[in-house]
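Remarks on the structure that follows.
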Amino acid sequence: MASISATAKSIPTRPRHSLQAVNGIFGLKSVSISSLRRSFPSIRLQPTPMRFRVCCAAKPETVQKVCDIVKKQLALAEDIAITGESKFSTLGADSLDTVEIVMGLEEAFNISVEEESAQNISTVQDAADLIETLVAAKSG
Amino acid sequence: MSWLLRRNMLPLHSNSLARRPFASPLPLPPASLPSPRETHIWYVVPDELKDASLLYQYMELLSPCERQSVLRMNGERLQKGALLARALVRTTLARYTDGRLSPKSFKFQKNRFGKPEVEWDKYDLWAPPPLQFNISHTSTMIACGVTLDLPIGIDIEEKQRKTSNNILSLAHRYFSPVEVAYLKTLADPECRQSEFIRLWTLKEAYVKALGRGFSGTPFKDFTIRLEASNSKQVTGELKSDAPSIVVEAVDDPGILMNRWQFALFELNNSHYTAVCMERDVKNPADGENNSLKLEVWRTLPFVEDECVTETDAVKNIIR
């Protein structure tokens, strides 16, 4: 899949989070750069419709809320630290955990997550980013 | 140590196993290959591992890449589970090579959908058996299923597993209409809970057997259910009147996907276990029961193996 990262490259000096403001003004959305760094040859590389994601990092409160939901679902020991970087696979989430987490997130944020989007989430940060995209799409 | 520079192939004579440079207390007893309608299952219970030095031995078997993956797991419990899973796969496969391949020598690759499979080397004087495998784990058990040249999926789930979300909410979201309707007929919440888990393991096993991943075979697109016996779709003579587990596409109800056969049972009194295996059409049964055969071993690799097939550890089998 060719990446349409031209939009991002044309504003090289702006920090990532301000792309949202730029995109908001022009009504544009850019393909997430983060999807390019994924070299993991998994089912995510199956042909899927091109999905545009707003390229910005989620608010810390969103990330924290996701961490709380994940920690509760996986019943992790107190000493296990979860951050935005935490990968679901290394937290021991199986497929039933994953769907329960998705449903928990949908309920907590009042959003609806499509299966294809859910499959592209590998870290807590990914989940938080997706949530904010969906919340913004709802209200925008 | 020069033999380590080759592909870690063991010499053919069994008495030279004792002289291998890396020491393990017991060589793995060789196992007979699965027959065409058989799935072999080897399972390990992590809590039975009390000897920390075993963990070092298991770590020795892994590739550098696997070791890194194990160490990336978050916390000791998950690391131990990941280590045991890789050790179980490697030792299990090695058993079927008649002493020719060590657990350490196996290489793995992923199919284009991400399903792990063995990457076999080419040998001059020996053709390795075309084994296919699949693993599943919970925090209290890891299971590895093996077949001879037939796609297989296995899924295990703790019988006591509780869901955070309401069963019917989960079912409405992820299961087919026929399956949701079935769960709704179960008034008792505990019964509904356990049937949900059992159905989940069957659906997981099917998706894993197909090897196309969760998104390649969405749960909502197919129904798994019991089909009454003496139906035309099941080939061969059935000896009992027991209903059989079948799968059909939601878009094509009534057309059963006969290629796939299932077994659902309880393992070690603790886990529901589902196995899905492709039916072997090259070797049709001669008028006998054509359903999936199981052989099950409890193992702690290099320490103890116990065949539990005809015991209480494997019960309530539905096929």
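Bear in mind the structure is a predicted one, so any value in this text is a computation, not a measurement. FYI, side chains are in, hydrogens and waters are out, and symmetry mates aren't considered; it's all heavy atoms of this structure. Below, chains carry the letters A, B, ... as their sequence lines are ordered, and counting in each starts from 1.
- Heavy-atom distances place no part of Ser136(B) under 4.5 Å from chain A, backbone and side chain included.
- Contact annotation for Ser89(A): only backbone heavy atoms (N, CA, C, O) come within less than 4.5 Å of a heavy atom of chain B.
- Proximity to chain A involves both the backbone and the side chain of Leu170(B), based on heavy atoms less than 4.5 angstrom apart.
- For the pair Lys203(B) (side chain) and Phe222(B) (backbone), a donor-acceptor distance under 3.5 Å is present.
- For a residue to count as touching a neighbouring chain, one of its non-hydrogen atoms must lie under 4.5 Å from one of that chain's; by this rule Gln79(B) does not touch chain A.
- When heavy atoms are compared at a cutoff of 4.5 Å, Phe196(B) approaches chain A solely by way of its side chain, counted from C-beta outward.
- With hydrogens and angles disregarded, a donor-acceptor distance shorter than 3.5 Å links the side chain of Arg67(B) to the backbone of Met59(B).
- Between the side chains of His271(B) and Thr201(B), no donor-acceptor pair is found at a separation under 3.5 Å.
- Defined by atom type and a distance below 3.5 Å, a donor-acceptor pair is missing between the side-chain atoms of Asn111(B) and Glu117(B).
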Exercise for the section: Report the C-alpha separation of Tyr272(B) and Ile156(B) in whole Å, then their side-chain angles, then the decisive distance to 0.1 Å, and conclude whether the side chain to side chain contact (heavy atoms under 4.5 Å, CB included) test is met. Expected result: CA-CA 6 Å; Tyr272(B) 294 126; Ile156(B) 60 175; over 6 Å; no

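- The choice from His137(B), Arg161(B), Arg72(B) that makes the most heavy-atom pairs within less than 4.5 Å of chain A is Arg161(B).
- Per-residue counts of heavy-atom pairs under 4.5 Å with chain B were compared for Ser86(A), Ser95(A), Gly92(A); the largest is that of Ser95(A).
- In this structure, Glu190(B) places its CD atom where only 12 or fewer heavy-atom neighbours from other residues, nucleotides or ligands lie under 6.0 Å away.
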